[in-house]
Amino acid sequence: MRLRTFKKSWSEADSASNGIMFAADGKMGAPLMKQIHKGWSDDKKYLIESEQGNQLLRVARLELAGQKRQEFNWMKKVAELGVPISRPLSFQVTNEVQSYFTWCEGRDAEEVLPLLTKEEQYELGKQSGIYLQKIHSLSAPDEDLLWEEKFSRKIDRKINVYQQCPLSFEGDEFVIRYIEENRHLLKDRPQSFQHGDYHTGNMILSPNRELSIIDFNRFDFGDPWEDFNRIVFTAELSPAFATGQLHGYFNGEPPELFFRLLTLYIATNTLSGLPWAMKFGQAEIEVMREQAKQVQNWYQNMTKIVPTWYRA
């Protein structure tokens, strides 16, 4: 669900404790490993600094080997399209899963964007939209389920979980009504590869103001337009970037059907916010309540399909 924003925290990796055979003694020419304490992934992440160039190492549990192999292979396909990402370098399975990637130099986009003009934010947003369109050019593997059936099951599950949850947010009846009245739009939607968590928290801005896309660990397959469901985080930070992202993706104005479906996907995600937040405590519960309120303000109690942040 929501991305927490942490300050980067570094600590030297204990190579003996995880089986990774790298020197970390800081001697001239020896790679130096520093653990990255940031984000929600269960992977352990390390920056490997060396004279030959920095690398990213992700370490996962052995039982995730199949999933991580898929992630690695799909990222290779994305890199071949010219999308700037942490390029896959090597994949190893021992008593754990080790994936090596190039390191994206720069700062988190969500840290830098507020320092830029709206025009600069918009142009970077357009670039992110062009990248996402390229990502979605990768067709999904043959699916047993049509998207309509696949996502309808998700809708039913999320509504049920929300209704069983002891918490609720004001105006939930408007959200549920919109979902029920518009789920027919899922019919005949195509399916593609999805990043799965596409927002400014998973983008790096280089000193030359070039964007890179990171963290494909939530990759999935489905309606490419569903991949915009995290735009709520982007729009909260920078409406100009979010607007640019849509214009870059569609090379102009998005069609009306896109806005109707985007509202459906965002409404569905909004229902799952509180049940998810209960696992993390009161602070996250309040964040999800505030986000539900924000969504309804954008969509005027789900009576409009174009959010107020668009072109704001």
Side-chain angles (χ1 to χ4, degrees), residues 1-3 40 42 64 66-67 70 136 139-199 217-233 235 254-280 284-307:
M1 283 297 305
R2 180 176 183 269
L3 177 84
W40 291 85
D42 290 334
L64 297 177
Q67 176 183 332
Q70 280 195 66
H136 292 164
S139 298
D142 291 338
E143 291 275 350
D144 293 331
L145 292 178
L146 297 175
W147 178 246
E148 180 181 15
E149 183 177 356
K150 185 176 176 181
F151 198 79
S152 286
R153 291 182 180 182
K154 181 181 287 190
I155 287 174
D156 293 339
R157 183 172 64 253
K158 291 195 174 189
I159 289 177
N160 181 64
V161 170
Y162 177 78
Q163 291 175 336
Q164 299 299 318
C165 178
L167 304 176
S168 62
F169 58 85
E170 187 176 351
D172 56 5
E173 68 273 17
F174 302 122
V175 174
I176 294 174
R177 182 190 306 157
Y178 183 90
I179 293 171
E180 295 294 3
E181 291 179 352
N182 290 275
R183 60 195 300 171
H184 67 278
L185 298 174
L186 300 169
K187 184 176 176 60
D188 296 330
R189 291 298 303 158
Q191 298 191 61
S192 72
F193 176 76
Q194 298 173 323
H195 177 278
D197 200 19
Y198 202 78
H199 58 85
N217 58 294
R218 292 184 179 177
F219 81 94
D220 204 349
F221 306 100
D223 180 358
W225 291 355
E226 191 218 0
D227 219 5
F228 284 92
N229 62 7
R230 299 297 203 274
I231 203 169
V232 292
F233 304 126
E256 179 181 314
L257 179 59
F258 168 79
F259 282 116
R260 291 189 180 279
L261 277 164
L262 177 61
T263 307
L264 174 64
Y265 294 138
I266 289 175
T268 304
N269 260 18
T270 300
L271 282 185
S272 60
L274 284 177
W276 171 86
M278 286 181 64
K279 298 178 289 186
F280 299 98
E284 291 300 327
I285 289 172
E286 293 307 316
V287 167
M288 288 298 102
R289 278 210 171 106
E290 185 59 32
Q291 187 175 96
K293 181 179 178 181
Q294 178 76 284
V295 166
Q296 292 189 78
N297 287 338
W298 284 338
Y299 291 99
Q300 299 179 42
N301 288 332
M302 315 311 291
T303 63
K304 305 295 182 182
I305 61 168
V306 179

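Reckoned from all heavy atoms, side chains included, excluding hydrogens, waters and symmetry mates.
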**Q.** Residue pair L271, F169: steps toward the side-chain contact (heavy atoms from CB on, under 4.5 Å) verdict
**A.** CA-CA 9 Å; L271 282 185; F169 58 85; 4.1 Å; yes
**Q.** Stepwise side-chain contact (heavy atoms from CB on, under 4.5 Å) test for T270 and M288
**A.** CA-CA 8 Å; T270 300; M288 288 298 102; over 6 Å; no
Report, one line per pair, each donor and acceptor closer than 3.5 Å where one atom sits in a side chain of residues 187-195; sequence neighbours left out.
| residue | atom | partner | partner atom | Å |
| --- | --- | --- | --- | --- |
| R189 | NE | D223 | OD1 | 3.4 |
| R189 | NE | D223 | OD2 | 3.0 |
| R189 | NH2 | D223 | OD1 | 3.0 |
| Q191 | NE2 | L145 | O | 3.2 |
| Q194 | NE2 | D223 | O | 2.8 |
| Q194 | NE2 | E226 | OE1 | 3.0 |
| H195 | ND1 | D197 | N | 3.0 |
| H195 | ND1 | Y198 | N | 3.4 |
| H195 | NE2 | I214 | O | 2.9 |
| H195 | NE2 | D215 | O | 3.1 |

(Q) If you take the centroid of each ring, where Trp contributes its six-membered ring, are Y299 and Y178 closer together than 6.0 Å? (A) no
Q.
Please enumerate all residues that pass ring-ring contact (aromatic ring centres under 6.0 Å, His included) together with Y265, with sequence neighbours excluded.
A. F151
Please find the pair of heavy atoms, one from [X] and one from [Y], that lie closest to each other, and give the distance.
X    : Y    : answer
P275 : Y162 : CG-CA, 4.2 Å
V175 : A267 : CG1-O, 3.5 Å
T263 : I305 : OG1-O, 3.3 Å

Q. Who passes side-chain contact (heavy atoms from CB on, under 4.5 Å) against R183, sequence neighbours left out?
A. S152, I155, D156, E180, L186
Q. For E290, which residues count as a salt bridge (Lys or Arg N to Asp or Glu O under 4.0 Å) partner, sequence neighbours excluded?
A. none
Q: Kindly indicate whether the side chain of S168, heavy atoms from C-beta on, has any atom under 4.5 Å from the side chain of Q163.
A: no
Q: For the residue pair H199 and I231, establish whether any side-chain heavy-atom pair is separated by less than 4.5 Å.
A: no
Q: Decide yes or no on side-chain contact (heavy atoms from CB on, under 4.5 Å) for Q70 and F219, but give the supporting numbers first.
A: CA-CA 9 Å; Q70 280 195 66; F219 81 94; 3.8 Å; yes
Q: In sequence, state the C-alpha distance, the side-chain angles, and the governing distance for L274 and R289, and then conclude on side-chain contact (heavy atoms from CB on, under 4.5 Å).
A: CA-CA 7 Å; L274 284 177; R289 278 210 171 106; 3.8 Å; yes
Q) Considering residues at least two apart in sequence or located in another chain, which fulfil the side-chain hydrogen bond (donor to acceptor under 3.5 Å, both in side chains) criterion with E181? A) none
Q: Just grab all the salt bridge (Lys or Arg N to Asp or Glu O under 4.0 Å) pairs involving residues 255-279, residues at least two apart or on different chains.
A: E256-R260
Q: Hey, could you give me the CE/CD1 distance between M302 and I266, rounded to the nearest 0.5 Å?
A: 8.0 Å
